[in-house]
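These notes are about the structure you will find just below.
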Amino acid sequence: MSSSPTASSRDIAVVFGTRPEIIKLAGVITELGDRARIVHTGQHYDSSLSGAFFGNFGLPDPHLLLDGATGPWGRGHQVGTLIAELTREFTLDRPHAVIVQGDTNSTSAGAQAAHYCGIPVVHVEAGLRSRDRSMPEEINRQVVGVLADLHCAATPEAAGNLLAEGVPAERIRVTGNTVVEATLRSLPAPADRAALVERYAAPGEFVLATFHRPENADDPVRLAAILESLSGLGLPVVLPLHPRTRAKIKEFGLDATHGRLRLVDPVDHPTFLALASRARLLVSDSGGVQEETTVLKKPLLIVRTSTERPEAVTAGFARLTTPGPDLVNAARLLLADTGLSRRLAATPSPYGDGLASRRISAVAAALADGRPVPDPLLVTED
Ligand code: UD1
Ligand code: UDP
């Protein structure tokens with residue numbers, strides 16, 4: 001992006017720590033160019049959840065990499081330690097604005113550290129609400145919602161949630177969701193998809209599934225029911241396992257060796273999207289997958305009790321299900337629906353036009369420069 005006369009190098013800190021944040025902030029970092037200071041909290045430290053995605057999006061190494069404050073002490077310790085470390089960084093080398101994305105512990109720590117240092121906070125993917133206080137992410141979203149100076153809402157619905165909580169309209173911009181351009185960028189060309197897919201799935205139809213939410217992974221009864229439901233779908237299921245889920249399957253002594261379940265390590269973004277684009281059906285509790293499915297035009301069964309992303313459900317791409325007969329029956333209905341692919345192909349994504357990263361970098365730069373924050377709808381393709 002173009003720099004203003006007051007712009008300086010690395011003066012907009014982009015703070016993140018997990019796989020989906022890398023995917024969704026990569027475009028913003030690229031648009032910011034020299035102004036982006038990449039601060040990785042280290043929350044996700046395995047290459048399969050972190051480094052691989054820097055490679056996918058051609059990002060340079062982080063300018064600052066923290067140690068994640070992971071360990072057995074829980075959320076309070078992680079958020080508190082990261083706030084202290086980020087506060088030190090922001091005090092020693094003060095950015096003009098801090099960008100955070102989503103709802104993780106890294107998001108919360110980045111927003112808190114910036115706010116306590118008196119630095120303007122830009123929240124990307126602002127305004128999502130599940131109203132489920134048992135979700136760590138819902139609390140993180142609400143904390144950041146209080147602290148943010150500029151809320152980049154992906155959709156009018158998310159902006160409406162913020163307005164209903166009393167956030168002044170002048171602090172909200174509807175930008176679209178950066179996942180649209182991330183998906184369009186990562187999705188391999190049709191000719192290249194087969195080679196990626198055949199490493200994970202035998203020729204023929206298959207289902208792609210992912211699970212990592214505590215409500216599913218940390219509950220032995222629910223996790224067992226999910227694995228059993230997946231093995232009863234009548235199709236092979238490719239299941240790239242988040243390390244949290246892999247650890248819980250082992251801890252609970254669950255049997256995941258059913259012949260139709262293919263448990264694999266997490267895959268990189270192009271491989272995941274190649275698999276998703278070839279799958280008959282997606283089954284997941286992921287937030288990002290609920291959005292990507294609207295770009296890929298694939299049906300998704302969400303295994304959750306609530307969702308902060310109602311747009312994909314309303315548009316007909318996704319529905320909430322419960323592990324057990326509900327999930328199996330919902331899958332059978334979708335698999336038998338011969339007109340579904342055509343209907344979904346004709347349904348626009350509610351998450352925008354693929355220009356969100358450009359809009360967000362423009363409004364963040366204005367905030368950092370102390371200029372009036374533009375209406376992002378005026379920021380269009382050149
Ligand atoms: C976190 C976010 C969640 C997001 C998800 C994306 C919070 C509260 N949760 O959940 O919102 O949807 O990332 O994937 O911030 N682990 C590894 N290697 C890693 C990282 C984690 O093995 O590189 C294992 C560790 O055992 C760790 C566990 O996974 O304790 C959970 O990791 P954590 O970052 O706490 O939460 P996620 O479930 O990944
Ligand atoms: N993803 C991936 N490889 C995998 C599983 C998921 O690249 O093996 C991508 C997926 O395309 C989506 C993102 O990871 O963009 C979702 O991350 P996750 O489900 O961990 O977090 P959430 O979106 O639920 O916060």
Side-chain angles (χ1 to χ4, degrees), residues 16-26 40-53 55-57 67-79 82 100-110 125 128 130 134-141 143-144 177-183 185-187 196 200 208-218 238-248 250-251 263-277 279 282 284-293 295-296 298 300 302-304 307-309 351:
F16 57 88
T18 69
R19 169 169 68 185
E21 293 166 88
I22 304 170
I23 292 169
K24 291 179 177 176
L25 285 171
H40 190 325
T41 67
Q43 179 175 343
H44 280 178
Y45 44 87
D46 285 345
S47 168
S48 65
L49 294 184
S50 178
F53 295 86
N56 287 161
F57 290 96
D67 79 353
T70 54
W73 301 282
R75 285 155 69 191
H77 178 267
Q78 183 168 49
V79 174
L82 292 176
V100 294
Q101 195 279 341
D103 51 24
T104 70
N105 290 346
S106 297
T107 316
S108 173
E125 201 176 270
L128 273 58
S130 69
S134 69
M135 288 184 75
E137 291 85 355
E138 180 67 7
I139 302 302
N140 290 337
R141 285 190 280 266
V143 167
V144 181
N177 196 311
T178 58
V179 79
V180 175
E181 50 266 36
T183 304
R185 174 169 175 170
S186 288
L187 181 65
L196 291 169
Y200 297 93
L208 178 65
T210 74
F211 296 92
H212 70 83
R213 298 261 160 239
E215 77 179 76
N216 290 325
D218 294 6
V238 179
L239 185 53
L241 274 186
H242 189 288
R244 178 187 206 107
T245 313
R246 186 177 283 284
K248 291 295 175 183
K250 191 169 171 210
E251 179 186 330
L263 275 53
V264 301
D265 287 334
V267 294
D268 71 6
H269 203 218
T271 306
F272 187 81
L273 295 177
L275 285 163
S277 71
L282 310 180
S284 180
D285 60 11
S286 163
V289 174
Q290 289 177 57
E291 296 152 349
E292 288 169 343
T293 196
V295 181
L296 299 170
K298 285 287 167 181
L300 165 69
I302 308 166
V303 185
R304 296 255 313 263
T307 180
E308 60 290 324
R309 292 168 167 88
Y351 292 109

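Scope of the values below: all heavy atoms of this structure, side chains included, with no hydrogens, waters or symmetry mates. Whatever order the structure lists them in is the order used to number ligands and atoms, beginning at 1. One-based numbering along the sequence shown.
Closest heavy-atom approach to atom 23 (O) of ligand 1 among the candidates Asp46, Ile139, Ile23, Thr41: Asp46.
Looking at residues two or more places apart in sequence or on another chain, you find a side-chain contact (heavy atoms from CB on, under 4.5 Å) between Ser134 and Asp132. Looking at residues two or more places apart in sequence or on another chain, you find a side-chain contact (heavy atoms from CB on, under 4.5 Å) between Ala26 and Phe57, Leu59. In terms of the side-chain contact (heavy atoms from CB on, under 4.5 Å) criterion, residue partners of Gln290 (sequence neighbours excluded) are, by chain and number, Leu300, Ile302, Arg304, Thr307, Glu308, Arg309.
Protein heavy atoms are found less than 4.0 angstrom from atom 18 (N) of ligand 1. Under the 4.0 Å distance rule, the nearest protein heavy atom to atom 27 (C) of ligand 1 falls outside the cut-off.
Across Pro243 and Leu49, no two heavy atoms sit closer than the pair CG-CD1, 3.5 Å.
The backbone and the side chain of Asn105 each have at least one atom closer than 4.0 Å to an atom of ligand 1 (non-hydrogen atoms only). The side chain of His242, and not its backbone, has at least one atom closer than 4.0 Å to an atom of ligand 1 (non-hydrogen atoms only; side chain from C-beta on). With a heavy-atom cut-off of 4.0 Å, His44 touches ligand 1 through backbone and side chain alike.
Among protein residues, Arg19, Pro20, Ile23, Phe53, His212, Arg213, Pro240, Pro266, Val267, Asp268, His269, Phe272, Ser286, Gly287, Gly288, Glu292 come within 4.0 Å of ligand 2, judged on heavy atoms.
Close approach of ligand 1 to His212 is summarised as follows: ligand atoms under 4.0 Å from at least one heavy atom of the residue are 4 (C), 5 (C), 12 (O).
Counting only distance, with no hydrogens or angles, the side chain of Arg246 and the backbone of Leu241 share no donor-acceptor pair below 3.5 Å. Between the side chain of Asn177 and the main chain of Val179, a donor-acceptor pair closer than 3.5 Å is present.
The side-chain contact (heavy atoms from CB on, under 4.5 Å) test with Ser50 singles out one residue from His40, Arg19, Gln43, and that residue is His40.
The closest side-chain donor-acceptor pair between Gln101 and Glu21, if any, does not fall under 3.5 angstrom.
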